[in-house]
Structures are given as C-alpha cells and as structure tokens.
Amino acid sequence: SHVRAKIELSSRENIIDFIYALCDGSTDFFSIENLNGTMKVNARSILGVIYNVTEFDALFLINDTTDCRFPASIDKFKKK
C-alpha cells in the first residue's frame, strides 16, 4: 500500500510542465498508475505519460522511493 496523489493532465503543455516539475534533481522514482493500480508507467517518460493520459481512466502519482513525498512543484497538477 502506498500514498497516491490524484493528478490531472489535460494538454501537451501540462504534460511537459509536469515532467519538468518532477525533474527537480531528486533521485526518487515516480510512477503514474491507473485507478485500480493494475497499470503503471514511469512518470518522467514523455511517452509513458502521454499513454497514461489517453488510456487511463484516472491518473495517480506515486513516489516509489519515499512514500508520501511529492515535490511542491506538482501541486498545480493535483486534482481535488
């Protein structure tokens, strides 16, 4: 079990900004998974994130290295 942050990426610009926000020098590994956690991709991969946006019903960011730690720079992508 892990803490997930629900995110919303609605445009190509959002996707690029989101990936840049995760490239903050951290060595933590981030992934994005679907609603039920059965599909997962690297959150720093442009192709992976594009796939997520088009195929997943909902997007959830996970820090696979340090549970619960999310960079403040992704706050604008969090969905309430």
Side-chain angles (χ1 to χ4, degrees):
S1 170
H2 47 262
V3 174
R4 310 185 312 173
K6 188 170 186 178
I7 57 172
E8 183 173 15
L9 302 171
S10 57
S11 69
R12 184 180 61 122
E13 291 78 18
N14 278 149
I15 292 169
I16 300 301
D17 290 346
F18 175 78
I19 293 170
Y20 281 139
L22 287 179
C23 294
D24 62 353
S26 167
T27 58
D28 288 359
F29 183 81
F30 295 95
S31 57
I32 298 175
E33 68 181 20
N34 63 345
L35 180 62
N36 60 11
T38 58
M39 298 171 56
K40 187 187 236 187
V41 298
N42 183 337
R44 290 182 174 135
S45 164
I46 292 174
L47 291 176
V49 176
I50 290 170
Y51 171 75
N52 285 348
V53 169
T54 59
E55 296 294 324
F56 290 8
D57 44 359
L59 304 176
F60 294 90
L61 180 66
I62 299 155
N63 184 330
D64 292 305
T65 308
T66 309
D67 196 24
C68 293
R69 184 196 166 277
F70 300 106
S73 55
I74 66 112
D75 285 349
K76 65 182 177 180
F77 302 103
K78 288 183 181 177
K79 186 173 181 180
K80 308 264 185 226

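Every heavy atom of this structure was used, including side-chain atoms; hydrogens, water molecules and symmetry mates were not.
- Put simply, CG on Asp17 and CG on Leu9 are 10.0 Å apart, with the number rounded to the nearest 0.5 Å.
- No continuous path of ILVMFWY side-chain contacts below 4.5 Å connects Phe29 to Val3, so the two sit in separate hydrophobic clusters.
- Among all heavy-atom pairs drawn from Ser73 and Ala21, the shortest one is OG-O, 3.1 Å.
- In this structure, Ile62 is not a member of the same hydrophobic cluster as Phe70, with clusters built from ILVMFWY side-chain heavy atoms closer than 4.5 Å.
- Residue Asp64 forms a salt bridge (charged side-chain N to carboxylate O under 4.0 Å, His left out) with just one option from Lys40, Arg4, Arg44, and that option is Lys40.
- Closest approach of Pro71 to Asp24, counting heavy atoms only: CB-OD2, 3.7 Å.
- Grouping the Ile, Leu, Val, Met, Phe, Trp and Tyr side chains by contacts below 4.5 angstrom, directly or via other members, places Val49 with Ile7.
- Scanning both residues, Tyr51 and Thr54, for their nearest heavy atoms gives O-OG1, 3.0 Å.
- Open room surrounds NZ on Lys79; 12 or fewer heavy atoms of other groups in view lie less than 6.0 Å from it.
- Listed for the Asn14 side chain is no donor-acceptor partner under 3.5 Å among the backbone atoms of Phe18.
- For the atom pair CE of Met39 and CG of Asn52, the computed distance is 8.0 Å after rounding to the nearest 0.5 Å.
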### Task
Check the pair Thr27, Thr65 against side chain to side chain contact (heavy atoms under 4.5 Å, CB included), reporting the backbone distance first and the verdict last.
CA-CA 8 Å; Thr27 58; Thr65 308; 5.9 Å; no
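- Counting non-hydrogen atoms of neighbouring residues, nucleotides and ligands closer than 6.0 angstrom, the CZ atom of Arg69 exceeds 12 such neighbours.
- Applying the 6.0 Å contact sphere to CD1 of Ile50 captures more than 12 heavy atoms from other residues, nucleotides or ligands.
- Taking hydrophobic clusters as Ile, Leu, Val, Met, Phe, Trp and Tyr residues chained together by side-chain heavy-atom distances below 4.5 Å, Val41 does not share a cluster with Phe60.
- The salt bridge (charged side-chain N to carboxylate O under 4.0 Å, His left out) search around Lys6 returns none, not counting sequence neighbours.
- Using a 4.5 Å cut-off on side-chain heavy atoms (C-beta onward), Leu61 and Leu22 make contact.
- At a threshold of 4.5 Å between non-hydrogen side-chain atoms, the residues Phe56 and Leu35 do not count as touching.
- Taking CG from Leu59 and CD1 from Ile32, the interatomic distance works out to 6.0 Å, rounded to the nearest 0.5 Å.
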